[in-house]
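Predicted model, so just to flag it, every value in this text is computed and none were measured. All ligand and atom numbering here is 1-based and tracks the order in the structure.
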Amino acid sequence: MDKIKIAIVGAGVWGQTHAEIFREHPMAETAAVCDLNRERAEKAAAEYGIPAVYTRVEDMLRECKCDAVSIVTPDHLHGDIAVLCANAGKHLLIEKPLATNREDVDRIMEAAEKNRVRVMVDLHNRWNPPFALAKESINAGELGRLRSGYFRLNDIKWVATDMLSWSASSSILWFLGSHSLDTLSWLFGSPLRRVYAVSSRGVLETQGIDTVDCYLSTLEFENGCIAQMENGWISPNANLNINDIKCTILGDKGLINIDASNHNLIQKYTDQAASVPDILVRNTVHGRVKGFAYESIRSFIDSLASGEDFIVSLKDAAAASLGILAIMESAEKGIPVDVKL
Ligand SMILES: NC(=O)c1ccc[n+]([C@@H]2O[C@H](COP(=O)([O-])OP(=O)(O)OC[C@H]3O[C@@H](n4cnc5c(N)ncnc54)[C@H](O)[C@@H]3O)[C@@H](O)[C@H]2O)c1
């Protein structure tokens, strides 16, 4: 079977994660990299042995013979690129979130259907081992009928202030809330029905970043499950993990608690610092990439090659974006909001 030729749009931090796993996957071949910043694209091309560099998606689609495109541009810049690529007949791996407004969600879904291209959104927490185990346990009926949940997914301030140049154009809800909402909906096996949310701002604003610090959301799902979800971008920078991720799922026969940030399997101390190195998200073992952030991207190629369904459907990814829009509306207006799927 021929390798799947894939092009990457966006050669920033996460575009390089895509390039790393495509370089290793026996069924993948990166055919091109495209970034508005030519220097960044050329650097990635040199590092990952990518033969073609573009600065405009239109030029890439005209000249590069690829089967699929990874879209790894900032959160609010997925829509136009996804529609262009779908109209060119390319299968798509889109970084989360699918899109940050309803119009883009609808446009992408229509273009995918019209052109019969397959789309997966990288909602990679479904590959996070404790969450995958929780799903197995739920499916086996060990927790009984699910009742309620709690999900905290926070980042240290540095992500908003230093790592992302575009955090003011996004939100902690798009950046991390998309993962936590998708995970809750997946674990509960139900779409979101109604939300009531509050938010707080001020810490990031005083650092010149005009975005919400923290959202607290009360969620009601179609099947009656309820949950609290916390997403903040202002954890102290000295937190030993970039993410603070905690989850509880309660059923009438059992409970699962997950603390996926403070794994403590390895603690490292030097004269300068204490750290808990990442062994779960994006690490390497004997030169090979490991971690659930790579597994989701690997799975996209696996499913394209085998023809199997993606583990995250386009409908689920659209539901995550529309759920977040409802949370934002609720926090702005101070009223409960029904999710319009
Ligand atoms: N799954 C995860 O855990 C994870 C982690 C980090 C980022 N992400 C996601 O990946 C995406 C990118 O994030 P990042 O941290 O790599 O951002 P980044 O700013 O490091 O990189 C984005 C790149 O996109 C380029 N770009 C913007 N518009 C473009 C266009 N029209 N054509 C070509 N290139 C364009 C920019 O020049 C930049 O190099 C975001 O959606 C983010 O949420 C996911």
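- Relative orientation of the Phe300 and Phe310 rings is parallel, given thresholds of 30° and 60° on the angle between their planes.
- Ion pairing between Asp316 and Arg126 holds under the 4.0 Å rule for side-chain N and carboxylate O.
- Arg23 and Glu20 are not joined by a salt bridge, as no carboxylate oxygen comes within less than 4.0 angstrom of a charged side-chain nitrogen.
- Contacts of Leu325 classified as side chain to side chain contact (heavy atoms under 4.5 Å, CB included), with partners at least two apart in sequence or in another chain: Arg102, Trp174, Leu322.
- The His124 neighbourhood of ligand 1 comprises atoms 1 (N), 2 (C), 3 (O), with distances under 4.0 Å to a heavy atom of that residue.
- At a 4.0 Å cut-off, not a single heavy atom of Ala293 sits close enough to ligand 1 to count as contact.
- Closest to atom 16 (O) of ligand 1, if we only count protein heavy atoms, is Trp14 N, 2.8 Å.
- Nearest to atom 35 (C) of ligand 1 among the protein's heavy atoms is Thr73 CG2, 3.5 Å.
- Counting only N and O atoms by type, the side chains of Thr218 and Gln228 include a donor and acceptor under 3.5 Å apart.
- Classified by interplanar angle (parallel below 30°, tilted 30° to 60°, perpendicular above 60°), the ring pair Phe131/Phe151 is parallel.
- Numbered from 1 in the order shown, with element, the atoms of ligand 1 that lie under 4.0 Å from a heavy atom of Ile81 read 30 (C), 31 (N).
- When non-hydrogen atoms are compared, ligand 1 lies under 4.0 Å from neither the backbone nor the side chain of Asp80.
- Between Glu42 and Arg38, at least one side-chain nitrogen of the basic residue sits less than 4.0 Å from a carboxylate oxygen of the acidic one, meeting the salt-bridge criterion.
- For ligand 1, the atoms closer than 4.0 angstrom to any heavy atom of Phe175 are 6 (C), 7 (C), 42 (C), 43 (O).
- Salt-bridge formation is not detected for the pair Lys157/Asp162: no Lys NZ or Arg NE/NH1/NH2 atom is positioned less than 4.0 Å from an Asp or Glu carboxylate oxygen.
- Residue Gly10 has at least one heavy-atom neighbour below 4.0 Å for each of these atoms of ligand 1: 23 (C), 24 (O).
- The protein non-hydrogen atom at the shortest distance from atom 10 (O) of ligand 1 is Glu95 CG, 3.2 Å.
- By the 4.0 Å N-to-carboxylate-O rule, Asp67 lies too far from Lys90 to be salt-bridged with it.
- Of all atoms in ligand 1, numbered sequentially from 1 with element shown, those under 4.0 Å from a heavy atom of His78 are 41 (O).
- The residue Arg56 has no part lying near ligand 1, judged by heavy-atom distances below 4.0 Å.
- Ranking protein heavy atoms by distance to atom 23 (C) of ligand 1, first place goes to Asp35 OD2, 3.6 Å.
- Within the structure, the closest approach of Trp174 to ligand 1 does not fall below 4.0 Å when heavy atoms are considered.
- The shortest contact between atom 27 (C) of ligand 1 and any protein heavy atom is with Pro74 CD, 3.6 Å.
- Atom numbering of ligand 1 starts at 1 in the shown order; those under 4.0 Å from a heavy atom of Val13 are 15 (O), 16 (O), 20 (O).
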What side-chain donor-acceptor pairs closer than 3.5 Å can you find for residues 244-255, not counting sequence neighbours?
| residue | atom | partner | partner atom | Å |
| --- | --- | --- | --- | --- |
| Asp244 | OD1 | Lys246 | NZ | 2.5 |
| Asp244 | OD2 | Arg152 | NH1 | 2.8 |
| Thr248 | OG1 | Asn257 | OD1 | 2.6 |
| Asp252 | OD1 | Arg145 | N | 2.8 |
| Asp252 | OD2 | Arg147 | NH2 | 3.3 |

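- When hydrogens are left out, the protein atom nearest atom 30 (C) of ligand 1 is Leu36 CG, 3.5 Å; that is the closest non-hydrogen contact.
- The ligand atoms of ligand 1 that sit less than 4.0 angstrom from a heavy atom of Val9 are 32 (N), 33 (C).
- Considering only non-hydrogen protein atoms, atom 43 (O) of ligand 1 sits nearest to Asp75 OD1, 2.5 Å.
- Distance from atom 12 (C) of ligand 1 to its nearest protein heavy atom, with residue and atom name: Val72 O, 3.3 Å.
- Between Arg201 and Glu205 there is a salt bridge, with a side-chain nitrogen of the basic residue lying less than 4.0 Å from a carboxylate oxygen of the acidic one.
- Proximity of Leu164 to ligand 1, defined as any heavy-atom pair under 4.0 Å, is confined to the side chain (atoms from C-beta onward).
- Between Asp80 and Arg107, at least one side-chain N (NZ, or NE/NH1/NH2) sits under 4.0 Å from a carboxylate O, which counts as a salt bridge.
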